Amino acid sequence: MTRPSIPKGTRDFTPAEMVRRNYIFATIRKIFELFGYQPIETPALENLSTLLGKYGEEGDKLLFKILNSGNYLEGIQNAFPDGEEAFSPASVKALTLLITEKGLRYDLTVPFARFVVQHQHELTFPFKRYQIQPVWRADRPQKGRYREFFQCDVDVIGSSSLLNEAELIQIIDQVFLALGISVSIRVNNRKILSGIAEAVGASGQLTDLTTAMDKLDKVGLEKVLEELLSRGLSPESVEKTAALLQWQGSQEELPVMLTEFLRDSVTGQKGLQEMAEVTEMAKACGLKNPLLFDLKLARGLNYYTGTILEVSSRDVEIGSICGGGRYDDLTGIFGWEGVSGVGISFGADRIFDVMAALNLFPEEMASATRALFINFGEKEVRHCIQWASRLRDAGISTEIYPDPAKLKKQMEYAHRKNIPYVILAGEDEIRSGFVSLKKMKTGEQINLSPDLLTDHLRP
RNA sequence: GUGGUCGUAGCUCAGUUGGUUAGAGCGAUAGAUUGUGGAUCUAUAGGUCGUGGGUUCGAGCCCCAUCUUCCACCCCA
């Protein structure tokens with residue numbers, strides 16, 4: 001027999017981990033609801049046609065595809081009529097589409113767009129939804145990078161108001177405040193980036209420009225410029241970009257400089273105006289974490305059109321733990337044009353890693369059980385069953401040890417499960433009409449009437 | 001997808017230039033304590049050395065392949 005194992009990049013969660021994960025989910029959910037967002041769920045599987053082409057070429061490669069059921073090779077050769085070889089390396093792409101038509105969801109935003117289009121007549125707009133579910137990516141695993149991980153998304157669709165952006169920033173601030181993680185929130189705007197591309201004369205190469213700029217902090221100016229050249233930008237464009245990237249000034253001066261730099265770009269000006277409005281509104285809410293205008297922030301997903309934002313821990317290096325932005329026409333791909341949405345996604349697994357690294361989990365989360373009845377044998381258990389029911393009716397989570405094991409073993413069970421109270425009701429106690437209540441933390445033990453248990457154990 | 005890295009008991013790790021029967025700490029189990037958890041002491045169990053090939057008289061150690069881990073790219077939460 002071989003050792004059992006799980007696929008690369010996936011994980012099991014023990015009770016200790018689940019309690020902590022649930023704490024994160026509960027905190028996030030509570031704040032989402034505080035802002036009026038409602039829950040939905042969508043299937044793990046989507047039609048491949050829903051997913052393909054939404055995340056760029058890289059994204060398509062990272063999709064988990066599900067092999068069709070049955071004899072999926074039947075009639076394959078006929079699909080390549082010109083004597084073309086179905087199983088040659090060149091036809092892999094075409095072959096793939098013939099044998100798989102479903103895939104695991106890659107994120108929650110695209111399924112959400114599909115959901116909105118499909119259910120448009122049942123929904124009230126602006127539609128504010130949240131969704132906490134796993135997503136799958138066929139990426140190569142690393143620290144903080146898994147093949148199955150949970151995202152916690154909030155989106156509002158059907159409203160172009162920048163108030164939504166401001167509120168989302170507020171949600172970010174409150175979530176991380178509640179979890180005890182100190183973060184920096186970086187924002188930018190796709191329109192500003194488009195404006196820059198215009199201003200440096202590289203309008204058609206927005207993605208090339210932004211993905212290279214995004215790496216400035218990591219690889220330095222020289223490498224960025226090299227990359228821009230190798231991506232096919234003209235030397236003049238690169239020179240203008242270099243001038244922009246070398247600019248040094250404060251957050252307050254940045255918009256001033258850009259207003260000048262983007263004076264000929266209508267789009268750029270619009271972006272600056274949006275940025276100013278969003279930051280002003282967000283700051284009016286009294287943020288506890290810093291909000292920074294970061295010109296280099298790009299974000300890969302192509303469907304963003306306005307504000308984009310990304311959040312990272314200030315104490316643990318693990319990449320971004322939350323990100324999102326505005327997309328003006330995501331539903332367009334599913335046949336409903338002109339609906340604007342904005343949303344963000346919290347990476348629950350990375351948040352978990354950050355909290356674990358910083359020891360931020362409250363200590364008292366180890367056990368849900370409050371009291372354990374010791375099992376002294378069949379006769380005694382009869383009594384315990386009734387007392388336990390009464391405790392449970394009062395909302396106190398209670399266990400009866402299932403086997404008449406050695407007392408030492410039962411005590412140890414309580415200790416390990418971090419159960420704060422143990423109730424001993426043996427033959428002697430029951431005969432005298434009381435039970436013995438032991439407080440595990442101090443070891444002290446008192447005798448009391450079973451009727452008083454509820455009062456003593458109420459938290 | 002590209003390049004590198006790791007794998008020995010449940011966990012963390014030792015293991016000499018390739019040499020007989022692979023070790024430690026923690027943990028587990030049992031007892032010291034016949035109705036009382038954490039500390040102490042004692043004993044016990046637990047390994048086809050990731051897997052499959054190869055080299056060798058002989059492989060945990062060398063070679064190849066493969067899987068896994070972690071890391072850097074790519075990309076991203």
Side-chain angles (χ1 to χ4, degrees), chain A residues 1-11 14 24 28 55-63 92 105-109 132-153 172 183 207 210-212 214-215 218-219 223 227 297-302 308-313 316-324 344-354 372 374-377 380 401 404-430 435-445:
Chain A
M1 204 175 83
T2 49
R3 267 179 112 155
S5 63
I6 54 175
K8 196 203 296 205
T10 65
R11 298 151 296 158
T14 61
I24 294 174
I28 290 175
Y55 310 104
E57 222 170 294
E58 287 294 326
D60 284 355
K61 280 191 221 155
L62 299 179
L63 283 173
V92 167
R105 74 166 97 79
Y106 176 92
D107 73 353
L108 300 179
T109 310
I132 299 177
Q133 290 191 273
V135 302
W136 294 269
R137 294 181 191 179
D139 215 342
R140 201 172 274 200
Q142 281 176 39
K143 192 156 215 111
R145 175 182 286 194
Y146 309 98
R147 294 185 133 186
E148 177 187 61
F149 59 97
F150 274 75
Q151 290 195 329
C152 314
D153 273 38
I172 292 171
V183 297
T207 311
T210 54
T211 49
D214 196 32
K215 293 177 195 153
K218 215 168 181 179
V219 299
K223 288 263 167 82
E227 186 173 337
L297 177 63
R299 289 192 66 76
L301 294 174
N302 294 322
I308 47 179
L309 54 90
E310 207 164 275
V311 182
S312 43
S313 160
V316 181
E317 275 202 37
I318 197 166
S320 66
I321 52 181
C322 177
I344 51 173
S345 177
F346 291 80
D349 302 84
R350 286 191 180 171
I351 291 174
F352 182 97
D353 291 345
V354 169
L372 173 77
I374 296 294
N375 188 327
F376 286 102
E380 291 87 340
Y401 197 88
K406 280 188 184 168
L407 189 50
K408 181 188 166 89
K409 190 165 183 180
Q410 300 193 41
M411 293 301 291
E412 205 167 290
Y413 176 80
H415 175 69
R416 287 213 195 180
K417 270 190 86 171
N418 229 325
I419 299 172
Y421 292 96
V422 166
I423 299 157
L424 299 100
E427 212 179 327
D428 296 344
E429 284 92 343
I430 291 172
V435 297
S436 193
L437 178 68
K438 180 179 171 116
K439 188 172 185 175
M440 291 298 276
K441 203 170 174 185
T442 58
E444 70 182 308
Q445 212 163 316

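To find a chain, count down the sequence lines: A is the first, B the second, and so on, and within it residues start at 1. Given the structure is predicted, the values throughout are model-derived calculations rather than measurements.
Note on A/Lys61: nothing from the nucleic acid sits closer than 4.0 angstrom, heavy atoms only. At a threshold of 4.0 angstrom between heavy atoms, the contacts of A/Ile321 are confined to the sugar-phosphate backbone, with no base atom among them. Note on A/Glu429: a base of the nucleic acid sits closer than 4.0 angstrom, heavy atoms only. A/Glu427 comes within 4.0 angstrom of a nucleotide base, judged by non-hydrogen atoms across all strands. In this structure, A/Gly9 reaches the sugar-phosphate backbone alone: every heavy-atom distance under 4.0 Å involves primed, P, OP1 or OP2 atoms, never a base. Residue-level contact check: A/Gly443 touches the bases, meaning some heavy atom is under 4.0 Å from a base atom. Heavy atoms of A/Leu424 sit under 4.0 angstrom from at least one base atom.
Heavy atoms only, all atoms of each residue included: A/Ala425 and A/Ile430 are closest at O-CD1, 3.8 Å. For the pair A/Ala414 and A/Val422, the tightest heavy-atom approach, listed with the atom from each and the gap, is CB-CG2, 3.5 Å.
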Check the interface with nucleotides 30-33 of chain B: list each N/O to N/O pair with the protein under 3.5 Å, or write none.
| from | atom 1 | to | atom 2 | distance (Å) |
| --- | --- | --- | --- | --- |
| B/rG31 | OP1 | A/Lys406 | NZ | 2.2 |
| B/rG31 | OP2 | A/Lys406 | NZ | 3.2 |

Sort me out a list of protein N/O and nucleotides 70-74 of chain B N/O pairs below 3.5 Å, or just none if empty.
| from | atom 1 | to | atom 2 | distance (Å) |
| --- | --- | --- | --- | --- |
| B/rC71 | OP2 | A/Lys143 | N | 2.0 |
| B/rA72 | OP2 | A/Gln142 | OE1 | 3.1 |
| B/rC74 | OP1 | A/Lys215 | NZ | 3.1 |
| B/rC74 | N4 | A/Arg145 | NH1 | 2.6 |
| B/rC74 | N4 | A/Arg145 | NH2 | 2.9 |

Report, one pair per line, the protein and nucleotides 40-43 of chain B atoms (nitrogen or oxygen only) whose separation is under 3.5 Å.
none

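Proximity note for A/Lys438 (side chain, C-beta onward) versus B/rU36, B/rU29, B/rC75: the nearest is B/rU36. Closest to the side chain of A/Arg350, from the set B/rC75, B/rU68, B/rA77, is B/rA77. In this structure, of B/rG37, B/rA77, B/rG35, it is B/rA77 that holds the atom nearest to the side chain of A/Arg137. Distances from the side chain of A/His415 to the nucleotides B/rC75, B/rG37, B/rU36 place B/rG37 closest.
With pairs defined as Watson-Crick or G-U wobble and both atom distances under 3.5 Å, the stems of at least three pairs that touch RNA chain B come out as B:1-4 with B:70-73, B:10-13 with B:23-26, B:28-32 with B:40-44, B:50-54 with B:62-66.
Following rounding to the nearest Å, A/Leu62 (CG) and B/rC76 (C1') show an atom-to-atom distance of 8 Å. Rounding to whole angstrom units, CD1 of residue A/Ile423 and P of B/rG37 are separated by 18 Å. When the C1' atom of B/rA28 is taken as reference, atom CD of A/Glu412 falls 10 Å away, rounded to whole Å. One atom, CG of A/Asp107, and another, P of B/rC75, lie 18 Å apart when rounded to the nearest Å. When rounded to the nearest whole Å, the span between CZ of A/Arg11 and C1' of B/rA77 equals 11 Å. Taking atom CG on A/Asn418 and atom P on B/rG38, their separation rounds to 14 Å, with Å as the unit. Rounded to whole Å, atom P of B/rG38 lies 17 Å from atom OH of A/Tyr413. For the pair A/Asn375 CG and B/rG35 P, the interatomic distance rounds to 13 Å; values are reported in whole Å.
Shown here is A/Lys215, whose NZ atom has more than 12 heavy atoms of other residues, nucleotides or ligands within 6.0 Å.
Remark: A/Glu310 pairs with A/Arg186, A/Leu297, A/Arg299, A/Ser320 by the side-chain contact (heavy atoms from CB on, under 4.5 Å) rule, at least two apart or across chains. For A/Tyr421, there are no ring pair (Phe, Tyr, Trp, His ring centres under 6.0 Å) partners, not counting sequence neighbours. With sequence neighbours excluded, the residues satisfying side-chain contact (heavy atoms from CB on, under 4.5 Å) with A/Glu58 are A/Lys61. With sequence neighbours excluded, no residue satisfies salt bridge (Lys or Arg N to Asp or Glu O under 4.0 Å) with A/Arg140. Scanning for side chain to side chain donor-acceptor pair (under 3.5 Å) contacts around A/Gln410 gives an empty result, with sequence neighbours left out. Take A/Asp349 and apply the side-chain contact (heavy atoms from CB on, under 4.5 Å) test, not counting sequence neighbours, and it matches A/Arg11, A/Phe13, A/Arg21, A/Tyr146, A/Phe149, A/Phe150. Annotation: side chain to side chain donor-acceptor pair (under 3.5 Å) contacts of A/Ser436 (sequence neighbours excluded): A/Gln445, A/Asn447. With sequence neighbours left out, the ring pair (Phe, Tyr, Trp, His ring centres under 6.0 Å) criterion links A/Tyr413 to A/Tyr401.
Nucleotides B/rG15 and B/rC74 have their C1' atoms positioned 39 Å apart, rounded to a whole Å. Spacing of P atoms, B/rG47 relative to B/rA65, comes out at 31 Å, to the nearest Å. B/rG3 and B/rC67: their P atoms are spaced 14 Å apart (whole Å). On the C1' atoms, B/rA72 is 32 Å away from B/rG10, given to the nearest whole Å. A gap of 12 Å separates the C1' atoms of B/rA22 and B/rC61, to the nearest Å. Only the C1' atoms considered, B/rU69 is 36 Å distant from B/rC57, to the nearest whole Å. With C1' as the reference atom, B/rG7 and B/rC71 are 15 Å apart, rounded to whole Å. Remark: the separation of the P atoms in B/rC26 and B/rU2 is 45 Å, to the nearest Å.
By the 4.5 Å heavy-atom criterion applied to side chains, A/Trp136 and A/Leu63 are not counted as neighbours. In this structure the side chain of A/Asp107 reaches within 4.5 angstrom of the side chain of A/Arg137, judged on heavy atoms. Within the 4.5 Å cutoff, side-chain heavy atoms of A/Val354 are placed close to those of A/Ile318. The closest side-chain heavy-atom distance from A/Phe352 to A/Ile24 is below 4.5 Å. Looking only at side-chain heavy atoms (C-beta outward), A/Leu372 and A/Ile423 stay at 4.5 Å or farther from each other.
Position along RNA chain B of the nearest nucleotide to A/Gly426 versus A/Asp214 favours A/Gly426 as the more 5'-ward residue. Sequence order on RNA chain B of the closest nucleotides to A/Tyr55 and A/Pro7 puts A/Pro7 first from the 5' end.
The pair A/Lys223-A/Glu227 does not meet the salt-bridge criterion, since no charged nitrogen lies less than 4.0 angstrom from a carboxylate oxygen.
A distance cut-off of 5.5 Å between ring centres, combined with a plane angle under 30°, places A/Phe149 in a stacking arrangement with the base of B/rA77.
Counting atom types as modelled, A/Gln445 pairs a side-chain N or O with a base atom of B/rU36 as donor and acceptor under 3.5 Å.
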